[in-house]
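Working notes, beginning with the structure itself.
A quick note: this is a predicted structure, and the numbers were derived from the prediction, not measured. Just the heavy atoms: all of them, side chains too, but no hydrogens, waters or symmetry mates, feed the values below.
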Amino acid sequence: MEINLGQLAFDIDFHPSQQLVTTGLINGELHLYRYTSDSIPERVLQVQAHSESCRAARFINNGHAILTGSPDCSILATDVETGAAVARLEDAHGCAVNKLINLTESTVASGDDEGCIKVWDTRQQSCCNSFKVHEEYISDMTFAADSMKLLGTSGDGTLSVCNLRRNKVQAQSEFSEEELLSVVIMKNGRKVVCSSHIGNLLLYSWGCFNDCSDRFVDLSPNSVDVLLKLDEDRLITGSETGLISLVGILPNRVIQPIAEHSEYPVEGLAFSHDKKFLGSIAHDQMLKLWDMDDLLQGSTKTLKHQAAVEDSDSDEMDMDNNPPKSKKGTKRKNASKDHVSGSSNNFFADLQMDG
């Protein structure tokens with residue numbers, strides 16, 4: 001299925017329980033579409049969310065609202081049913097908001113163009129954590145819920161680990177000449193995988209974040225802009241060539257290309273709530289929904305052929321079982337650098353949080 005958005009999309013997210021998908025566009029609009037497996041997707045919402053581009057979009061509050069972030073430094077919560085603004089924080093960051101992710105039922109994290117990460121508590125209606133850990137834009141974040149660790153990657157070539165319980169930066173990797181663009185946690189929490197602008201996948205062992213324990217180079221030299229975890233052993237990559245590939249981790253191998261969005265760079269990948277569909281956006285202004293059964297049909301034989309390969313690394317650090325002790329990207333276009341000050345305590349005052 002294909003949807004012509006009419007504008008370049010920067011982010012994509014699926015509703016946690018319904019057949020709805022949302023995108024944030026370069027013109028500041030937020031779109032919401034209803035999809036089914038046997039009909040053309042229908043646009044059910046179109047909102048002018050921001051005065052500048054809508055770089056980040058995430059469903060929150062069990063799917064009742066959509067949170068968006070922008071270079072205008074604001075974060076907006078929009079009601080899914082009515083399209084009305086539930087709450088807006090004009091001064092979320094001192095510069096462009098580049099990334100949003102969900103953490104728990106009542107917390108979200110945001111990252112900006114100057115390397116700052118903030119955690120927002122929707123029950124306390126305030127910013128509860130702020131980390132100025134990176135020197136360049138926050139490209140991606142992921143969350144380890146069991147240990148309350150927030151991991152971030154940046155254009156400065158480092159991976160950070162923020163301890164939300166202690167409100168401190170617990171670890172940061174050595175600087176790399178490779179800009180890190182995406183991050184996922186795999187192997188039941190034992191491995192962290194980051195992608196880079198030259199196409200390498202950097203593998204870190206949990207608790208050993210100073211330097212990567214392995215570097216997978218088979219996707220090089222094309223930038224790997226997006227990583228999406230399929231299961232503990234496989235992930236899906238989106239490349240600047242428009243190619244979407246299934247990749248195995250430990251043993252590291254490109255299992256097979258599974259789709260080609262277009263000849264343009266893949267900007268975002270996401271799964272529907274039931275994992276029946278893979279959504280992709282790229283620089284061609286198209287949102288595409290792929291049937292996962294069809295995509296993975298040919299990969300089963302490849303996996304069986306490689307099943308005898310032992311799940312191990314060539315580096316001793318990969319056996320670590322101890323618990324944890326410029327390509328600047330199109331999203332950086334026209335980022336506002338004006339510092340806006342003010343209170344952020346009332347952002348989520350009007351959100352009705354379930355549970």
Side-chain angles (χ1 to χ4, degrees), residues 1-50 53-70 76-86 100-102 225-230 236-239 242-246 257-297 330-331:
M1 290 184 284
E2 296 185 357
I3 303 168
N4 189 340
L5 301 170
Q7 297 283 341
L8 173 65
F10 277 154
D11 205 3
I12 177 175
D13 195 31
F14 283 88
H15 192 280
S17 60
Q18 300 181 36
Q19 290 182 306
L20 295 171
V21 60
T22 189
T23 58
L25 306 183
I26 194 172
N27 63 351
E29 289 185 354
L30 174 70
H31 287 193
L32 180 66
Y33 295 88
R34 187 178 304 278
Y35 63 91
T36 61
S37 57
D38 55 0
S39 64
I40 299 172
E42 173 193 7
R43 188 171 67 195
V44 294
L45 196 64
Q46 179 178 355
V47 176
Q48 187 65 48
H50 297 276
S53 63
C54 184
R55 290 188 184 178
R58 283 293 178 274
F59 283 98
I60 61 167
N61 191 13
N62 294 322
H64 289 105
I66 303 171
L67 208 62
T68 54
S70 170
L76 171 70
T78 299
D79 185 271
V80 167
E81 293 296 326
T82 66
V86 178
L100 290 169
I101 65 165
N102 289 300
D225 297 347
V226 190
L227 299 178
L228 181 63
K229 178 179 175 179
L230 177 61
I236 295 174
T237 65
S239 167
L243 198 64
I244 300 171
S245 299
L246 184 64
I258 56 174
E260 185 175 10
H261 183 106
S262 65
E263 68 269 30
Y264 300 105
V266 176
E267 184 75 24
L269 296 170
F271 286 127
S272 61
H273 70 277
D274 51 11
K275 277 195 172 182
K276 289 184 177 179
F277 290 96
L278 170 70
S280 64
I281 52 174
H283 294 185
D284 62 348
Q285 304 183 6
M286 302 295 291
L287 165 62
K288 296 189 178 183
L289 301 180
W290 310 86
D291 186 292
M292 281 300 297
D293 288 339
D294 292 344
L295 292 183
L296 297 177
Q297 208 168 35
T330 57
K331 293 182 183 178

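Shown here for Ala49 and Leu76, the closest heavy-atom pair between the two residues is O-CD2, 3.5 Å. Pairing each heavy atom of Ser245 with each of Pro257, the nearest pair is OG-CA, 3.8 Å. Scanning both residues, Leu269 and Ile12, for their nearest heavy atoms gives N-CG2, 4.0 Å. Minimum interatomic distance between Gly279 and Leu289 (heavy atoms only, all atoms of both residues): CA-CD2, 3.9 Å. Here the closest non-hydrogen pair linking Ala259 and Leu295 is CB-CD2, 4.0 Å. Smallest separation of non-hydrogen atoms from Val47 and Thr78: CG2-CG2, 4.4 Å.
The ring pair (Phe, Tyr, Trp, His ring centres under 6.0 Å) search around Tyr35 returns Phe14, Phe277, not counting sequence neighbours. The ring pair (Phe, Tyr, Trp, His ring centres under 6.0 Å) test applied to His261 returns no partner, not counting sequence neighbours. Residues satisfying the salt bridge (charged side-chain N to carboxylate O under 4.0 Å, His left out) criterion with Lys229, sequence neighbours excluded, are Glu232. Applying the side chain to side chain contact (heavy atoms under 4.5 Å, CB included) criterion to Asp274, with sequence neighbours excluded, gives Ser272, Lys276. For Ser70, the side-chain hydrogen bond (donor to acceptor under 3.5 Å, both in side chains) partners at least two apart in sequence or on another chain are Asp72.
Evaluation of the salt bridge (charged side-chain N to carboxylate O under 4.0 Å, His left out) test over residues 279-288, restricted to residues two or more places apart or in two chains, returns Glu2-Lys288.
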Just do the side-chain contact (heavy atoms from CB on, under 4.5 Å) check on Ile26 and Ser53 with the steps written out, would you? CA-CA 4 Å; Ile26 194 172; Ser53 63; 4.2 Å; yes

Test log, rule side-chain contact (heavy atoms from CB on, under 4.5 Å), inputs Ile66 and Arg58: CA-CA 5 Å; Ile66 303 171; Arg58 283 293 178 274; over 6 Å; no

How far apart are the C-alpha atoms of Leu5 and Glu29, what are their side-chain angles, what is the distance that settles it, and do they pass the side-chain contact (heavy atoms from CB on, under 4.5 Å) test? CA-CA 10 Å; Leu5 301 170; Glu29 289 185 354; over 6 Å; no

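Atom-to-atom distance recorded for Asp225:CG and Ser239:OG is 7.0 Å, nearest 0.5 angstrom. In this structure, the separation between CG on Leu20 and CG on Leu32 is 5.0 Å, given to the nearest 0.5 Å. Summarising the geometry, atom CG belonging to Asn27 is positioned 10.0 Å from atom CZ belonging to Phe10; distances are rounded to the nearest 0.5 Å. Of the inter-residue distances, the one linking Ile258 atom CD1 with Thr237 atom OG1 reads 8.0 Å to the nearest 0.5 angstrom. Taking CE of Met1 as the reference point, atom OH of Tyr33 lies at 13.0 Å (rounded to 0.5 Å). The CE atom of Met292 sits 12.0 Å away from atom CD of Gln297, with the distance rounded to the nearest 0.5 Å.
Proximity of a side-chain donor or acceptor of Asp79 to a complementary backbone N or O of Thr82 within less than 3.5 Å is detected. Remark: side-chain polar atoms of Ser262 are paired, donor with acceptor, to backbone N or O of Tyr264 under 3.5 angstrom. Under the 3.5 Å distance criterion, the side-chain polar atoms of Asp11 are matched with a main-chain donor or acceptor of Ala57. A donor-acceptor pair under 3.5 Å is formed between the side chain of Gln48 and the backbone N or O of His50.
Residues Thr23 and Ile3 fail the side-chain proximity criterion, which asks for heavy atoms closer than 4.5 Å. For the pair Leu100/Ile60, no side-chain contact is recorded, criterion being any heavy-atom separation below 4.5 Å from C-beta on.
Under the 3.5 Å distance criterion, with hydrogens and angles disregarded, a donor-acceptor pair is assigned to the side chains of Glu267 and His283.
Under the side chain to side chain contact (heavy atoms under 4.5 Å, CB included) test applied with Thr68, the options Leu30, Thr22, Asp13 reduce to a single match, Leu30.
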